[in-house]
Amino acid sequence: MRQELEDLRAAALDQIQQSADAAQLERARVHFLGRKARLTAILRQLVTLSPQERPVIGLLANQVKQAIEASITAQRASLESIPSDDVLATDQIDITLPGRRPTLGRLHPLTQIMREICQVFVEMGFAVIEGPDVEWDYYNFEALNIPEDHPARDMWDTFWIDPASISVDKPMLLRTHTSPMQIRIMEQTKPPIRVVVPGTCYRYEAVDASHESQFHQIEGLAVDEGVTFADLKGTLYTFVQRLFGKDRKIRFRCDYFPFVEPGVDMSIDCFRCKGAGCRLCKESGWLEILGAGMVHPNVLTRVGYDPARYSGFAFGLGPARVAMLKYGIDDIRFFHGNDLRFLQQFP
Ligand code: FA5
């Protein structure tokens, strides 16, 4: 019987390994392990063997059974990893076809221009810092010298957040400019300060060729002893010349922002009409790119700085307007229009 078991093991392993598909393997399994298999009969007959023979033959028969089962499992796994003839027939790979070039993603033109602008300021010694889009009324208005009910609040059409909906007890909003970061930075640092803050801003206003309701700004802030308006002008001149070249015309005009004194806005000659006046520049010949000024003494006092000792300048510029002027784009809505033909022009 021992010899018979050895022969059975050899025959079974041979037949299992020869099985070319799942059906053949199943037939081999039934033949060697099924109810009518010889091995099953031997295992059933163990009780009829003598006490000396029973443990020896029993052990061997179980070893043969385990070897056959292991061989079936291995062969099944191996067959499953080979695709069937059907799959091979329909799934052919034609290696003579030209390959498909993977499309590479690229940075959005606004991201590119924002990085470029920040880099110009970094080279002038400014650090880059970011802040929250959802802001307290305190930082967006109050601490910037714009108390509640101050008419200057009308300069920014604000998206307010219902305090009850987010379980807070003080008014919150989507920041209308990046200027709140002036306060956050001054609260946490002592002068000298030189920072730029890129970020998204939101205003509830009519969208047109130069206005979006969601747009970006880059805030600049420099505070130290003896900072003057000449430093503000020099810094902004350098920035414009680095980005646009030396021939571009710049115009400063008086403007009012409650958190600076004096306040200005800065424009660049309109690339489209070359100063003659057109729809884009609202017939003025100039495109405003930033507001700026000397940090108001009230703002310095509120963050605990002595305005008799420290002075500073701040500016807030619109990178989309800068990109429009640099690349000759006559409508701000192209940036978020998701037209690939537009986006692909900025490699
Ligand atoms: C401000 O937001 C001030 N916080 C700027 C400032 C900072 C003044 C520091 C003084 C000191 P203003 O609303 O003008 O100012 O916006 C500044 C720039 O943001 C504009 O010149 C323009 O380039 C851009 N901007 C403003 N509103 C929009 C808009 N709706 N869509 C696109 N760009 C805009």
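Atoms considered below: every heavy atom in the structure, side chains included; atoms not considered: hydrogens, waters and symmetry mates. In each ligand, atom 1 is the first atom listed, and ligand 1 is the first ligand listed. Since this is a predicted model, take the numbers as computed values, not measurements.
- On a distance-only criterion, Glu288 and ligand 1 share at least one N/O pair closer than 3.5 Å.
- A side-chain donor from one of Gln3 and Asp7 sits under 3.5 Å from a side-chain acceptor of the other.
- Counting non-hydrogen atoms of neighbouring residues, nucleotides and ligands closer than 6.0 angstrom, the CZ atom of Arg54 exceeds 12 such neighbours.
- Ligand 1 has at least one atom lying under 4.0 Å from a heavy atom of Gln182.
- Look at Arg248 and Asp269 and you find a salt bridge, because one of the NZ, NE, NH1 or NH2 atoms lies within 4.0 Å of a carboxylate O, short of that distance.
- Not a single heavy atom of Ala320 sits closer than 4.0 Å to an atom of ligand 1.
- Taking 4.0 Å as the cut-off, Ser210 counts as a neighbour of ligand 1 on heavy-atom distance.
- For the pair Leu290 and ligand 1, the shortest N or O to N or O distance falls below 3.5 Å.
- Applying the ring pair (Phe, Tyr, Trp, His ring centres under 6.0 Å) test between His177 and each of Tyr202, Phe215, Phe259, Phe257 identifies Phe259 as the sole match.
- Residue Ser179 has at least one N or O atom closer than 3.5 Å to an N or O atom of ligand 1.
- The distance criterion of under 3.5 Å between nitrogen or oxygen atoms is not met by Thr176 with respect to ligand 1.
- Using modelled atom types, one finds a donor on one side chain and an acceptor on the other under 3.5 Å when comparing Gln119 with Glu123.
- Residue contact annotation: Trp156 has a non-hydrogen atom under 4.0 Å from ligand 1.
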